[in-house]
Every structure is written in structure tokens, then in C-alpha cells.
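Written below as C-alpha cells is the structure these notes are about.
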Amino acid sequence: MIPSSLTPKDRLVLALDVGGIEEALAIAQDLAPFFSIAKVGIELYAEAGPDAFAALHDLGFSVFADLKLHDIPNTVNRTARVLGRMGVEFLNFHAAGGIEMMKAGIEGLHEGATAANTEVPIALGVTVLTSNPDASAFPERLQAAADAGCDGVVCSALEIGLAQSAGLRTMVPGVRLAGSDAGDQSRVATPGEAVRSGADWLVIGRTVTAAPDPVAAAAQVLAEVS
Ligand code: C5P
């Protein structure tokens, strides 16, 4: 369930894009004062699997399983059911996979969470990757996510208004502190811009984790969001 009000720290999602669980947990521990949610993407999941979820829960984080499921509806349903049983707080699906696929995934999340007697994870549709400069597919994918019953979408700060008009919450990656390297991201915003645009959650990766002083960078992000 999405809380009705989010503190600045509750909005911040730490992207643990590293290949090893020990490195991930060391980063998570150092930055725990600034982030309520830890994001496990495909790199860390490939290395550590569900143990990463358990270890991050033990450190007090909510967990976003950023696994971007995209397959036939039956496979997505069964995979989401497994993940729903694990007690992750967020899971996402590629909206390009279509309404039936996302519906099947959301059903799987409900079935898994019910079987494990845990809360149903927040379901997000990935609209257009923030590394893609062309967001022309956004309206169609937003509509698909809304029609499928997603709670929210993953989108850049530039598309937050449209997502809100569709009644969906927003998880916003491509966040960069002013002067920080955009890397492979195209549709970027500062933490202040993203939150002023109405972002519910901000995914924070290299702008903090690759900063010369990650703790100072995280403090700056939290200050901007506050
Ligand atoms: O380091 P950086 O801030 O670019 O990390 C962004 C994170 O958000 C990465 O883990 C990436 O996989 C994820 N992401 C994204 N764009 C999306 C969905 C997820 O950058 N549309």
C-alpha cells in the first residue's frame, strides 16, 4: 500500500548497481541515513538473487525489485507470483509488453502476496527508458500501464505531469545533481526539479554512488528534496 504522505527520505531510492552483495550492502549501510528504499536491478539480482532482498530488508530498507519483467503473460504471471511471495515492496514490468502482460503480472503479485500473507507490492510500468532521448512512445505506454491497473509508472521528470493526469504515481530515474555527469542517461533532471515536478519517488544512482564523496552527495540530494 502507498502511504498517504511521504517524507523526503521515503521518496529516495538508492540504485545498488553493483555486481556483489558485499559491495551493495556496504554502500547501503553508509547511505542508510538518506534512503528508505533500496533498488535491486538486474546486475545485483544476477549475482545475489533473492538473498539481496532479505539482506536489504534486514538493514531496514524497503526493496524495489527493478527486474523490468517483459515476457509472455503466463511467464510474467508466474514470475511475479514468486516475487510477490518474497515480500518486495515494488516490482516493475515493461509497459511495452502490453496490457495483458502487465495484468497477468499484477495478478501474480496478488496471488504471491496472498500466499505468503504479506503486503501486495506496488506495481510499476516502465514507460520509456530514461537513456532514450525519444519519448514519443510515452503516451501509449502510460495508457497501457493505467489500463492494466498499475499503481504507477517509471518515467523521466519531464513526463510526471502526464502520468499524474492518468492518476498514476511516478518513480523517476535519470536524476543528476547539478554538474554531475549524465553518463548514458538522456532525459535527466536534478533532485529539486524532479520533486518540484511532483515525483513520488526518485531513483538515485551514480550521481551519489560514483561521486567523490557519496555521503556528501546523498546529503545534498536529501536537502534538495526537503
Ligand atoms: O546511475 P543512474 O542514476 O543513471 O541509475 C539509474 C537507475 O535507474 C539504473 O539502475 C537504471 O537501471 C534504472 N532505470 C532507468 N530508467 C528507467 C528505469 C530504470 O535509468 N526507465
Side-chain angles (χ1 to χ4, degrees), residues 11-20 23-24 27-28 31 34-35 37-48 52-53 56 61 63-70 88-97 102 105 122-142 144-145 150-160 162-163 168-195 197 199-212 214 217-218 220-222 224-225:
R11 294 182 187 281
L12 294 183
V13 182
L14 176 61
L16 292 168
D17 292 325
V18 292
E23 192 186 345
I27 296 169
L31 298 177
F34 310 99
F35 293 88
I37 305 165
K39 184 175 89 68
V40 177
I42 51 179
E43 181 185 3
L44 182 57
Y45 192 77
E47 176 67 33
F53 303 150
L56 290 163
F61 289 94
V63 171
F64 171 20
D66 180 19
L67 300 181
K68 299 189 181 74
L69 303 188
H70 189 174
V88 297
E89 282 75 16
F90 298 82
L91 176 70
N92 55 3
F93 308 96
H94 265 297
M102 285 185 280
I122 293 169
L124 302 171
V126 180
T127 52
V128 178
L129 294 176
T130 36
S131 54
N132 189 345
D134 176 9
S136 54
F138 179 79
E140 184 191 329
R141 294 191 186 156
L142 172 69
C150 285
D151 300 296
V153 286
V154 184
C155 64
S156 90
L158 309 176
E159 293 107 30
I160 292 170
L162 285 172
L168 294 183
R169 310 299 286 259
T170 55
M171 170 77 76
V172 175
V175 178
R176 291 291 179 271
L177 285 164
S180 169
D181 186 3
D184 55 354
Q185 298 283 21
S186 283
R187 299 181 350 266
V188 297
T190 65
E193 286 165 348
V195 89
S197 303
D200 291 298
W201 301 283
L202 283 69
V203 178
I204 307 293
R206 290 164 289 182
T207 204
V208 162
T209 57
Q220 194 182 333
V221 169
L222 186 62
E224 274 195 36
V225 170

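Counting begins at 1 with the first residue of the sequence. As the structure is a computational prediction, the values presented were derived from the model and not from experiment. Order of listing sets the numbers, starting from 1, for every ligand and every atom in it. Computation of the quantities below employed the complete heavy-atom set of this structure, encompassing side-chain atoms and omitting hydrogens, waters and symmetry-equivalent molecules.
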Report task. Run the numbers on Q185 and R206 for side-chain contact (heavy atoms from CB on, under 4.5 Å), then give the verdict. Result -> CA-CA 11 Å; Q185 298 283 21; R206 290 164 289 182; 4.0 Å; yes
Query - Verdict with reasoning, R169 to D151, per salt bridge (charged side-chain N to carboxylate O under 4.0 Å, His left out) - result: CA-CA 6 Å; R169 310 299 286 259; D151 300 296; over 6 Å; no
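Note: no N/O pair closer than 3.5 Å links P173 and ligand 1 by distance alone. For a threshold of 3.5 Å applied to N or O pairs, the pair formed by D17 and ligand 1 contains at least one separation below that value.
In this structure, CD1 in I160 is found 4.5 Å from OG1 in T170, a value given to the nearest 0.5 Å. In this structure, NZ on K68 lies 6.0 Å from CG on N92, to the nearest 0.5 angstrom. In this structure, CD in E224 is found 5.0 Å from OG1 in T190, a value given to the nearest 0.5 Å.
At least one side-chain heavy atom of V225 sits under 4.5 Å from a side-chain heavy atom of L202.
Here the heavy atom of the protein found nearest to atom 11 (C) of ligand 1 is K39 NZ, 4.1 Å. Ranking protein heavy atoms by distance to atom 16 (N) of ligand 1, first place goes to T130 OG1, 2.8 Å. Here the protein heavy atom with the shortest distance to atom 6 (C) of ligand 1 is Q185 NE2, 3.5 Å. Of all protein heavy atoms, the one closest to atom 12 (O) of ligand 1 is K68 NZ, 3.5 Å.
Taking the six-membered ring for Trp and the full ring otherwise, the centers of F64 and W201 sit at least 6.0 Å from each other.
Heavy-atom contacts of V203 reach the following atoms of ligand 1: 7 (C), 8 (O) (cutoff under 4.0 Å). Atom numbering of ligand 1 starts at 1 in the shown order; those under 4.0 Å from a heavy atom of V154 are 17 (C), 18 (C), 21 (N). Below 4.0 Å from some heavy atom of R206 lie the following atoms of ligand 1, by number and element: 1 (O), 2 (P), 3 (O), 4 (O).
Proximity of R176 to ligand 1 is established by a heavy-atom distance of less than 4.0 Å. Between T207 and ligand 1 there is no heavy-atom distance shorter than 4.0 Å.
E47 places no side-chain N or O within donor-acceptor distance of the main-chain N or O of G20, the cut-off being under 3.5 Å.
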